[in-house]
Amino acid sequence: MRAATALLVTLCVAGAGVGATEARAGILIRVDKTTQRMTVTRDGQTLYDWPVSTGMAGYSTPRGAFSPSRMVADYRSREWDDAPMPHAIFFTGRGHAIHGSSHTGRLGSPASHGCVRLAPGKAAALYALVKAEGMGNTRVVIGGDETVLAGRAAPRREARARRERLDEDGFTPVARVSRGRSPDPWGDERWQPVGATYPSPYGATYYSYGPSY
């Protein structure tokens, strides 16, 4: 009886050790919606740190811990006008996936309909990694809040929209120098702020373009 008890304790300890090893092993794909970044680790070692695009307003990417359910190298969305989703790794039953996207200029900001977008080459690299390691040995963890970043970007979008409206009204865009290139940008004749006073082509009277802010 005493020998049987000792054997049972030994087996339990060995099983716990295997479980701890399995918990540490494998691929962990962590997506932070606040920073719009993805980190990929294998056995605790960081392999990749990439910009992503998660869901825009009204299409939030779900938060939580998931296991990939299927992988499709060449997939097209049936819901969004046959949009290409190359190297898709699906992680929810509702169709959310990590996939490549040609909209690389939007990476680093919320822009998708709920999926996690990557640059095409990075999506291919992640797909190959998960395929080699196995979906059962891969975990996807999504956290953060993309609305925080969207709120920070709103003033920049509004300023850009105002400039675009000025251009549409027929005003010629003025070339601007970037900050830091000239210690005194007002001394650069090419640089003119919106709302500055310009000489009138009809006489000596001066007038201003642009709305007040």
Side-chain angles (χ1 to χ4, degrees), residues 27-42 45-64 66 68-92 94-133 135 138-164 167-168 173 175-181:
I27 301 298
L28 174 61
I29 303 170
R30 188 180 295 275
V31 177
D32 187 336
K33 299 198 295 180
T34 302
T35 61
Q36 295 291 294
R37 304 288 302 185
M38 171 191 290
T39 57
V40 182
T41 62
R42 178 171 56 195
Q45 299 295 317
T46 301
L47 300 178
Y48 305 116
D49 185 345
W50 294 323
V52 299
S53 283
T54 60
M56 57 186 168
Y59 299 96
S60 180
T61 302
R63 290 185 292 183
F66 310 91
S69 55
R70 63 188 176 116
M71 300 172 63
V72 183
D74 186 11
Y75 186 82
R76 289 184 174 272
S77 174
R78 300 172 183 173
E79 185 176 3
W80 302 108
D81 299 326
D82 208 34
M85 297 169 54
H87 298 104
I89 302 173
F90 291 90
F91 58 89
T92 74
R94 291 178 291 165
H96 296 95
I98 300 169
H99 63 81
S101 172
S102 60
H103 300 287
T104 54
R106 302 293 301 276
L107 294 175
S109 63
S112 77
H113 290 100
C115 288
V116 179
R117 293 178 177 175
L118 279 171
K122 294 175 173 59
L126 182 63
Y127 187 95
L129 178 65
V130 174
K131 185 176 181 180
E133 296 289 335
M135 289 190 295
T138 301
R139 198 75 167 155
V140 178
V141 177
I142 299 177
D145 183 1
E146 61 266 269
T147 60
V148 175
L149 189 62
R152 292 173 184 169
R156 293 195 296 270
R157 287 198 300 267
E158 292 173 1
R160 183 170 62 249
R162 286 196 295 268
R163 290 196 299 269
E164 290 173 351
D167 295 343
E168 290 173 358
R176 305 187 182 198
V177 297
S178 62
R179 294 180 181 177
R181 289 189 177 181

Check: Tell me, do His87 and Leu118 make a side-chain contact under 4.5 Å, heavy atoms counted?
Finding: no

Next item on the list: Say whether Gln36 and Ser53, considering side chains only, have a donor N or O and an acceptor N or O under 3.5 Å apart.
Entry: no

Margin query: Does anything in residues 45-54 form a salt bridge (Lys or Arg N to Asp or Glu O under 4.0 Å)? List the pairs, not counting sequence neighbours.
Written below: Arg37-Asp49

Note to self: Testing the basics here: between Gly55 and Pro110, what is the closest heavy-atom pair and its distance to 0.1 Å?
What the structure shows: O-CB, 3.4 Å

Next item on the list: Could you tell me the separation between the CZ atom of Arg63 and the CD1 atom of Ile142, rounded to the nearest 0.5 Å?
Entry: 10.5 Å

Note to self: Just verifying a value: how many Å separate Leu129 CG and Ile27 CD1, rounded to the nearest 0.5 Å?
What the structure shows: 4.0 Å

Notebook entry, point to check: Which heavy atom of Tyr127 sits nearest a heavy atom of Ala88, and at what distance?
Noted result: CE1-O, 3.8 Å

Margin query: I need the Leu107 CG to Arg117 CZ distance, nearest 0.5 Å.
Written below: 8.5 Å

Notebook entry, point to check: What is the minimum heavy-atom distance between Ile89 and Pro68, and which atoms define it?
Noted result: CG2-CB, 3.8 Å

Checklist line | Side-chain heavy-atom pair Arg106, Ser101 within 4.5 angstrom cut-off | finding: no

Next item on the list: Mind listing the closest non-hydrogen atom pair of Phe90 and Ala97 along with its distance?
Entry: CD2-CB, 3.6 Å

Check: Nearest 0.5 Å, what's the CE-OG1 distance between Met38 and Thr54?
Finding: 10.5 Å

Check: Okay, side chain of Lys122, backbone of Trp50: is any donor-acceptor separation there less than 3.5 Å?
Finding: no

Check: How close do Ser112 and Tyr59 get, heavy atom to heavy atom, and via which atoms?
Finding: O-CB, 3.9 Å

Margin query: Using 0.5 Å steps for rounding, measure from the CZ atom of Phe66 to the CZ atom of Arg139.
Written below: 9.0 Å

Notebook entry, point to check: How long is the span from the OG1 atom in Thr39 to the CG atom in Leu28, to the nearest 0.5 Å?
Noted result: 6.5 Å

Notebook entry, point to check: Counting N and O atoms only, with roles assigned by atom type, does the side chain of Thr34 sit under 3.5 Å from a partner on the main chain of Asp145, one being a donor and the other an acceptor?
Noted result: yes

Margin query: To check you understand the geometry: which heavy-atom pair defines the closest contact between Pro51 and Gly108, and what is its length?
Written below: CB-N, 4.2 Å

